[in-house]
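Just so you know, residue 1 is the first one in the sequence shown, and it goes up from there. What you are looking at is a predicted structure, and each value in this text was computed from that prediction instead of being measured.
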Amino acid sequence: MKSIDIVIATFNGEKYIKEQLLSIINSNNFDKYIEKIVISDDNSTDDTLEIIKSLDCDKIYLIENDFNSGVVSNFSHALKLTSSDYVIFCD
């Protein structure tokens, strides 16, 4: 069976990140197909990181950037940490 990684780039996304992640985690066959959710945060100054860390999901891999690198670099950073057959960009 082919595996899937999901890549998310965040920056000050507290308003929607919990809903977005719960939608992914609670989807049909999540445990069967999804290997990991790689989240690269671009130095958020709101509660984005705290919200992500509060979710109890061992498939979430969070990278905390020390500076704001921009959306393209942020996604690229997360993409480098994928290893599955397929990658889904989620924004």
How would you list, by chain and number, every residue that makes a side chain to side chain contact (heavy atoms under 4.5 Å, CB included) with [X], sequence neighbours excluded?
X     : value
Ser84 : Ser3, Asp5, Glu35
Tyr86 : Lys2, Ile4
Lys15 : none
Asn29 : Lys32, Tyr33

Under the salt bridge (charged side-chain N to carboxylate O under 4.0 Å, His left out) definition, can you give me all pairs with a residue in residues 67-91, not counting sequence neighbours?
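Sorted result for residues 67-91: empty, none.
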For [X], all residues meeting side-chain hydrogen bond (donor to acceptor under 3.5 Å, both in side chains), sequence neighbours excluded:
X     : answer
Asn43 : none
Ser44 : Asp41
Ser83 : Lys36
Asn12 : Thr45

Starting at [atom1] of [X], measure out to [atom2] of [Y] and round the result to the nearest 0.5 Å.
X     : Y     : atom1 : atom2 : value
Leu22 : Ser27 : CG    : OG    : 11.0 Å
Thr10 : Ile51 : OG1   : CD1   : 10.5 Å
Ser40 : Tyr61 : OG    : OH    : 15.5 Å
Leu55 : Ile39 : CG    : CD1   : 8.0 Å
Asp58 : Asp56 : CG    : CG    : 7.5 Å
Ser73 : Phe67 : OG    : CZ    : 8.0 Å

Each residue besides Val38 in its hydrophobic cluster should be listed here, by chain and number; the cluster joins Ile, Leu, Val, Met, Phe, Trp and Tyr at side-chain heavy-atom distances under 4.5 Å.
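So far as hydrophobic clustering goes, Val38 is joined with Ile63, Leu81.
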Is there side-chain contact between Asn65 and Phe11, with heavy atoms separated by less than 4.5 Å?
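When only atoms from C-beta onward are counted, Phe11 and Asn65 do not touch, as no gap falls below 4.5 Å.
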Heavy-atom distance under 4.5 Å between the side chains of Ile37 and Ile25, does that happen here?
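Heavy-atom side-chain distance check passes, below 4.5 Å.
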Which residues satisfy the ring-ring contact (aromatic ring centres under 6.0 Å, His included) test with Phe89, sequence neighbours excluded?
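Phe75.
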Identify, with sequence neighbours excluded, every residue that meets salt bridge (Lys or Arg N to Asp or Glu O under 4.0 Å) alongside Glu64.
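Expected list: Lys53.
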Working note: Gln20 + Cys90, criterion side-chain contact (heavy atoms from CB on, under 4.5 Å); need CA distance, chi angles, decisive distance, verdict.
CA-CA 9 Å; Gln20 180 182 18; Cys90 185; 3.1 Å; yes
Candidate list Ile6, Ile88, Val87, test side-chain contact (heavy atoms from CB on, under 4.5 Å), partner Thr82, passing option:
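Single pass found, and it is Val87.
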Working for side chain to side chain donor-acceptor pair (under 3.5 Å), residues Asn74 and Ser69
CA-CA 6 Å; Asn74 199 20; Ser69 62; 4.9 Å; no
